[in-house]
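Numbers restart at 1 for each chain; the letters A, B, ... are given by sequence-line order, proteins then strands.
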Amino acid sequence: MTEEHQRGSRLSVGDRRAVVIGLGALAWLVALLWVFPIGWTVFTSFKTEQDASAQTLHHGLSFGRYGDVTESTTGTLSLQTAFTNSVVVVLVSTFIVLLLAIPAAYALSIRPIHKWRDVLFFFISTKFLPIVASIFPIYVYAQRWNLIGTRTSLIVLYIAINLPLAIWMLHSFFKEVPRELIEAAELDGTNLLNQLRTVILPIVAPGIAATALLCVIFAWNEYFYALQLNFANGSTMPQWVTSNVSTRGNFLAKLSAAAVLACLPVVIAGWAAQKRMIRGLSMGALK
Amino acid sequence: MHEAPERVRRLKGLVVPVVVGAAVVAATFATTAAGKSEAKTISVAIVANGQMQDIAKLTPTLFTAKTGIKVKYTILDEGKLRQVTTRDVGSGGKAFDAVMIGPYEAPQFGSAGLLVDLTSQAKASKAYNYNDLIPAVRNALSAKGHMYASPFYGESSFLMYRKDLLAKAGIKMPLHPTWQQVAATARKIKTSSMAGICLRGKPGWGDLGAAFTTVLNTFGGTWWSAKSNGEPDKAQVDQPAFKQALDFYAKLVQDAGEKDAANSSYNECLTQYQAGKVAMWYDATVAAGFLEASDSPVKGKNGFAFAPHYKTSSTGWLWTWALAIPKSSPDPASAWEYISWATGPQYLKAAGSRVTGGWASIPPGTRFSTYKIPQYKTAAKAFAATTLAAMRAAPITNPGTTKRPGLPGVQYVGIPEFQDVGNRCTQLFSAVIAGSLDSSRALSQCQQIASKAIK
Amino acid sequence: MTATAADVALTKGRTGDPFSSAWRRRLPLLPALLFVIVITQLPFIISIYYSFTDLKDKTQSLIPEPTRFVGFENYRQIFSDPFFREAMWTSVKMTVLSVVLSLVLGTLFALLLDRKFLGRGLIRTLLITPFLLMPVVAALIWKQQMFSSLFGILNKGLNVLGFGSVAFISDHPLASIVTVLVWQWTPFMMLIVLAGLQSQPGEVIEAANVDGASSFGIFRQLTLPHLRRYLELGALLGSIYIVQAFDAIDVMTGGGPGSTNVPYYVYQESIGGGFRYGSASAYAIVVVIFSILIATFALRLLSSLFKDEGRL
């Protein structure tokens, strides 16, 4: 499979310079317009509150708001606490998701069980129950087992919400592993674990990376469960961001600064991994 | 596939550090579960207002240093705070030692037996000075003579106006105006670039609901009629007085009110007033502190009048943010120590010189002694007297022309069903203000909601 | 050939021998399956139980009331609730509009990015950023910076051009929310379609070009069928997440006619203010049943995603 195709002519408008440059310019314009709201928010994060809410620029730009949101008052949720919680919860849950999803995907694709379609459907169907409804039973039991405010409850829940997606995606990547390789490995008598290690995983590695990235994105940005089950020192980044919203007084600049800081890790991860993500998704995943 | 071995090598290289890292991380989280083994730490849930953020900042130096009790704050916005505290208190959760609630919740939760009765401790403490509390505020937080929450911050509502602009138009605003006078003034003074008045329009029982209900009260309307035992009898949204109030309010906003009123609450009106885009503003008394702050563009240009009335004599609302101790609190004794400090007179005296906003931004409206502090009197000269008078006059037991069901309250009805009904109905009313829903339809839908809720 | 062997293997396995082929196939699946069943089905079953009671929060009554069993009363109320019907209709509109628009835009963006030009990687990076933001942050950005009628950028722009301000969120709540959802999900669709485009062999296109086919014809006859699977995957995943959209509504409109979808309505009924857990559970169960029906129809009958035969 060729990497960067020298494909010029899917739209068959030819490779005339004018057209290429024109389309390139159009792409630039579209991209800049599309991310304009984000750029404006970053810009706002450097203003004073008065300038921010009136969209003026009378008082100049500074890192002041960043200082405001990162100064930690003893006893209130600090950036470090929220960040640590988020990192732990996201990494642990994603790791466990992969640990569980890889064998499950194997069982649904390479040596599929008889009712693989039903099982896949079941996994997807677990996402039909609105989480706003299941929150009360979950809350009651989390309370009973003293899990309110701990990272454990979030880790468990995030695994549950990401597992269906991971299984679905991984099963379609696994389907693309060439039969001959699997059969050859089986004829050699290698067991499942080694099969995975030497044959399958290297091929679907980009797909696993893509899946992991999606799990990280969804777990990092999850707000509802975190808000309902975690307070004070158990809070995660989304809660830290919204703690800058106030009902009495302006907060737009501080909120912008907080939002920039909170979204930065996942944005950087996404930027770094996007190529792999496309590769992973395109691994003939759904021929 | 000559790439495979390379990839395998790279993958293998990643596997080990990832596994090790994950194991370390897992071990870390396993050993730091809830961390409640420290000496005397209490958990307090508060709302995200400026005064609350201030006390959170001052707690280590002014409280923990003296008592050794550490305080962990959870700061949430009003809506989320209500959900979290209601659920925690209602299900006997141990997440919080003290919670911040308002006069809507305090008597209800107290009557239901979910809060610790603070009366005896409050009266016994000399430093706390029970009799210093403004009676209207204290009563709003009590049920059957028992105080269930201690007030930290109090506000009523009044009318703020640009006296320079009114003077230029030759209008003098009386100290106790009627709604008709205010409406006429607003319509007269508005220009193409400046609205006559800013009124809340954002859906929510504490947003549009608060402002509108005070208007409803003084127009002789009410949400529900009351049975003799205080329970709600029938929904009264379909009554003429209700329609009159809604039409008056919506029309005033549409004719002379701020742009995009359906999205405006306190914050939006404050911004517009300070930017000179509205000439008058009916809202919380605490706004005065911001309008008269040293960096306010409209400092010195403001007049203050009592909340406009019509068929009743006083109409200002009463709201306080107060600290209560849930019955399931893990450490009620430390919680009370904290509360008596945070809501006691000494904090107010100590805060004035320490908070960023200065004396004008200490928590107002809870105690008489606040209004006797010389520095506060100077800093808040323009509005302190009117605020105090408004707080004392708030008609919490008899806000309208008819008997209310439930516990006392001005801008809400003291029954648990009101929160949901208020939220849903104000969404309809907000659409009326935006002009996208006809008021008769909104009222009939709201009547359905209100009737169903009390069945 | 191999198929026959596989069939034989399957038939052999079905006889229930614990170390037979069938059980060995199931084993890797079990940890994930058990985990999901325990964590998701238990709350589901408890919700079913609650839906037959009148459970509400203790703070909702001034004198403690015990929870009573009410049979199908909650369900009966649902079917006479006009606001729930409105919420369902809003859900349908919101989901369909958001998914279709983001698919179309995503495909257009992917086509635009399909050829090499200066800075293509950077543009792709910029374009995917909205998907990486927290939904709460995205909604706040649009609400405060873009849509605000006083100080929002869009209105400032309109004013400069001589038009009056538009109260986007108040006057067009559904469109505002769909805008934010599309803004966030288009990059996701774009990535999927890009993957689809890159997996299409270039030789086929070149051959068609040589044969003199028009660009639109190539797209319609060759590319689009190839992309069908990818578009379906995007639509499936997008729908699953967008139908549960919550944060945008909470932040931008707080509910209200025209923008309350089903999850938000259920939320209002339960911890969002109603605190009527029994009744809210009944709503949730109805929603699940509906979703399963729709998904079964869509996936089994319409989609090609399930049409692969099993392998080995």
Side-chain angles (χ1 to χ4, degrees), chain A residues 5 7-13 20 24 27-28 31 34-35 37-38 40-41 53-55 100-101 103-104 106-107 111-114 116-117 125-130 132-134 136-138 156 160 163 167 217 221 223 238 241-242 252 259 263 266-267 270-271 274 277-278 281-282 284 286, chain C residues 10 25-26 28-29 31-32 35-36 39-40 43-44 46-47 112 114-115 117-118 123 125-129 132-134 136-137 141 144-146 151 153 191-192 194-195 198-199 202 205 209 215 218 229-230 233 240 244 247 263 266-267 270 277 280-281 284 287-288 291-292 306 310-312:
Chain A
H5 294 276
R7 188 190 320 110
S9 314
R10 185 178 306 281
L11 294 178
S12 191
V13 288
V20 170
W28 270 104
W34 198 254
V35 295
I38 301 180
W40 194 258
T41 302
S53 45
Q55 305 283 16
L100 294 176
Y106 181 90
R111 310 195 93 243
I113 67 171
H114 192 60
W116 64 276
R117 286 188 192 85
S125 76
T126 61
K127 297 194 86 54
F128 292 162
L129 181 67
V132 297
S134 58
F136 189 64
I138 291 177
V156 166
L163 208 43
I167 291 180
I217 295 175
N221 293 343
Y223 179 57
V241 173
T242 51
L252 196 54
C263 295
V266 170
V267 167
W271 285 353
Q274 49 162 320
M277 183 129 159
I278 299 179
L281 287 169
S282 79
L286 312 138
Chain C
L10 275 175
R25 284 165 185 253
R26 288 181 198 144
L29 177 63
F35 187 94
V36 167
I39 304 296
T40 65
F44 183 59
I46 295 175
S47 291
L112 203 57
D114 194 33
R115 51 178 57 232
F117 54 82
L118 186 63
I123 291 188
T125 307
L126 287 179
L127 282 175
I128 66 172
T129 314
L132 305 169
L133 299 179
M134 293 172 190
V136 183
V137 167
I141 290 178
Q144 308 279 19
Q145 303 273 35
M146 306 295 293
F151 306 117
I153 301 290
L191 285 178
I192 293 185
L194 262 179
Q198 282 195 0
S199 72
I205 307 278
N209 265 333
S215 65
I218 291 183
R229 289 295 197 85
Y230 293 85
L233 179 70
I240 290 178
Q244 306 279 14
D247 292 327
V266 174
Y267 164 79
S270 87
Y277 303 124
S281 300
V287 167
V288 172
S291 312
I292 292 183
F306 269 176
R311 304 214 7 208
L312 286 179

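- Between I39(C) and the options L163(A), T126(A), I138(A), V156(A), a side chain to side chain contact (heavy atoms under 4.5 Å, CB included) holds for only V156(A).
- Between chain A and the residues V287(C), D247(C), L127(C), L132(C), the largest count of heavy-atom pairs under 4.5 Å involves L132(C).
- Judged by distance alone, with hydrogens and angles left aside, the side-chain atoms of Q274(A) form no donor-acceptor pair with the main-chain N or O of L191(C) at under 3.5 Å.
- Of the two parts of Q244(C), only the side chain, counted from C-beta on, holds a non-hydrogen atom closer than 4.5 Å to a non-hydrogen atom of chain A.
- For F44(C), the parts lying near chain A are the backbone and the side chain together; criterion is any non-hydrogen pair under 4.5 Å.
- V267(A) approaches L133(C) most closely through the heavy-atom pair CG2-CD2, 4.4 Å.
- Looking only at side-chain heavy atoms (C-beta outward), W34(A) and L126(C) stay at 4.5 Å or farther from each other.
- Interface residue I128(C): only side-chain heavy atoms are found under 4.5 Å from chain A.
- Annotation: side chain of T40(C) is not in contact with side chain of K127(A) (no heavy-atom distance under 4.5 Å).
- I123(C) is listed as a side-chain neighbour of W28(A), based on a closest heavy-atom distance under 4.5 Å.
- Counting heavy atoms from C-beta on, the side chains of P37(A) and I141(C) come closer than 4.5 Å.
- For the residue pair W271(A)/T129(C), the side-chain donor-acceptor check at 3.5 Å is satisfied.
- Closest approach of V288(C) to P130(A), counting heavy atoms only: CG2-CD, 4.5 Å.
- For Y267(C), the ring-ring contact (aromatic ring centres under 6.0 Å, His included) partners two or more places apart in sequence, or in a different chain, are F246(C), Y264(C).
- If you tally non-hydrogen atom pairs under 4.5 Å between each of A101(A), P238(A), A259(A) and chain C, the highest count goes to P238(A).
- F35(C) approaches A160(A) most closely through the heavy-atom pair CE2-N, 3.9 Å.
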